[in-house]
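Whatever order the structure lists ligands and atoms in, that order sets their numbers, starting from 1. Computed over heavy atoms, backbone and side chain alike; hydrogens, waters and symmetry mates excluded. Source: prediction; values computed, not measured.
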Amino acid sequence: MQNPRNRLATIILFAFAILVVTQTTTAAEKLPNFVLIFADDQGYQDIGCFGSPKIKTPNLDRMAQEGRRFTDFYVGAPVCSASRAALMTGCYCARVSVTGVFFPNSSRKGLHPNEITVAEVLKTQGYATACVGKWHLGDEKPFLPTRQGFDSYLGIPYSNDMSITLDGRKGPPLMRDEEIIEHPADQATLTRRYTEEGVRFIRANKDRPFFLYLPHTMPHVPLFASEKFKDTSARGLYGDVIEEIDWSVGQILGTLRELGLTENTLVVYTSDNGPWLSKGDHGGCALPLRDGKFSTWEGGMREPCIMWWPGKVPAGTSCGEVAATMDVLPTFAKLAGANVPEDRIIDGKDISPLLLGQDGAKSPHETYFFRGNAVRAGTWKLHLSGRDTVKKRPDQVFPALYDLSTDIGEDRNVAAENPEIVERLTKLIMEHREEIAANQRPAGVVER
Ligand SMILES: [Ca+2]
């Protein structure tokens with residue numbers, strides 16, 4: 001028999017233990033899920049609620065009605081690999097020395113395995129993680145998603161116009177984890193199969209925090225739509241492809257609704273870079289922005305973006321503050337209670353005040369740099385150089401200054417009228433170049 005004092009102590013200890021267990025469980029239950037849907041080469045205008053005159057996107061439009069559109073949302077580069085490096089690491093792509101595009105079997109390069117991806121950050125909080133779609137941060141084994149924080153992978157590891165030859169057959173491979181399971185990949189079924197894989201992952205992990213990264217292979221050329229969507233859009237095959245991705249978004253959000261996960265899941269939709277304009281009808285549209293993929297004009301790096309989290313992200317709103325894909329890592333970390341790496345420079349910032357619609361929330365970026373040759377500061381954008389990929393402008397001179405608040409199409413160069421602003425922004429670009437050069441980390445290289 002315990003004496004009364006010991007019994008009281010035992011009871012208090014027991015009650016305290018229950019409290020601790022309960023609080024820990026509650027905290028674990030409250031960790032939000034993340035779904036990041038990343039299209040490939042989709043233009044600023046290629047969603048109904050971003051102004052597409054012909055492409056029908058009822059699911060993305062509903063996502064925007066129930067969530068928040070970001071109108072001034074940027075990617076890290078106007079090409080695939082570099083853009084993905086910024087998204088995954090929370091850094092300017094030059095910081096991690098991934099500024100171009102990786103090719104299979106030739107470059108032997110990839111995002112350095114020592115880089116800490118958003119998936120690795122979330123793993124520290126016990127998240128289930130999956131990458132479904134196009135990786136494009138290196139196809140050698142040490143660079144694959146399974147080596148960068150993702151529990152599983154299904155997809156083509158690079159662009160769908162890149163090819164390898166196996167047993168005399170050419171084309172891109174479909175991989176599961178680290179093995180090729182289909183070659184060449186049956187591209188007309190990819191969007192559907194990625195969607196099914198994503199839905200399966202959400203269902204399997206509905207009772208624990210999860211991160212689904214869904215970087216679609218489409219609408220990068222060559223375009224493929226399934227039989228159900230082929231020849232259905234008023235915008236031709238490109239429209240078919242986007243409308244199938246829109247269907248996919250509907251499947252993902254519908255699954256979250258069905259499982260009762262809507263109030264605990266942040267879904268982000270955007271694209272890796274602007275439209276490939278030289279592909280004509282098979283490319284997208286970035287209007288009213290200037291130019292597209294490969295360029296640092298707005299059309300190359302400003303993307304349509306929708307964030308959705310019913311009850312948290314204010315419904316039916318839009319945000320015109322500057323935000324970027326490199327903000328994803330610090331923002332997800334903040335919302336998941338995870339630490340942002342402190343042993344290295346991370347350029348991205350926590351934009352949760354913007355997505356949660358906090359009163360008076362402002363962009364954390366006083367400056368945003370475009371490949372080290374342009375900068376946006378407030379509504380000013382200065383280019384020290386640049387090129388147009390389709391509509392050539394022989395009269396273009398540099399430095400070129402635009403006020404995006406009145407000239408979103410970067411059409412009227414007002415550098416001559418604003419020498420002090422040109423001088424100030426030029427200095428910022430120079431300082432940025434020097435800072436990156438002094439604090440650059442290497443890409444990964446496989447020795448053979
Ligand atoms: Ca791309």
- [ ] Assess S159: does it contribute an N, O or S atom lying under 3.0 Å from the Ca ion (ligand 1)?
- [x] no

Open item on the list: Looking only at N, O or S atoms, which one in D272 sits nearest to the Ca ion (ligand 1)?
Closed with: OD2

Open item on the list: What do you get for the angle at the Ca ion (ligand 1) between OD1 on D40 and OD1 on N273, to the nearest 10 degrees?
Closed with: 150°

Open item on the list: Nearest N/O/S atom of D41 with respect to the Ca ion (ligand 1), by atom name, please.
Closed with: OD1

Task: N/O/S atom of C80 inside 3.0 Å of the Ca ion (ligand 1), strictly under - done: yes

Open item on the list: Looking at D291 and K391, is there a salt bridge between them, counting it only when a charged N and a carboxylate O are closer than 4.0 Å?
Closed with: no

Open item on the list: Is the distance between the ring centroids of H220 and W276 under 6.0 Å?
Closed with: yes

Open item on the list: Can you see whether F38 has K134 sitting over its ring - NZ or CZ less than 6.0 Å from the centre and within 45° of the normal?
Closed with: no

Task: Matching residue for Y127 among F201, Y213, F34, F210 - test: ring-ring contact (aromatic ring centres under 6.0 Å, His included) - done: F34

TODO: State the OH-OG distance between Y158 and S163, to the nearest 0.5 angstrom.
DONE: 7.5 Å

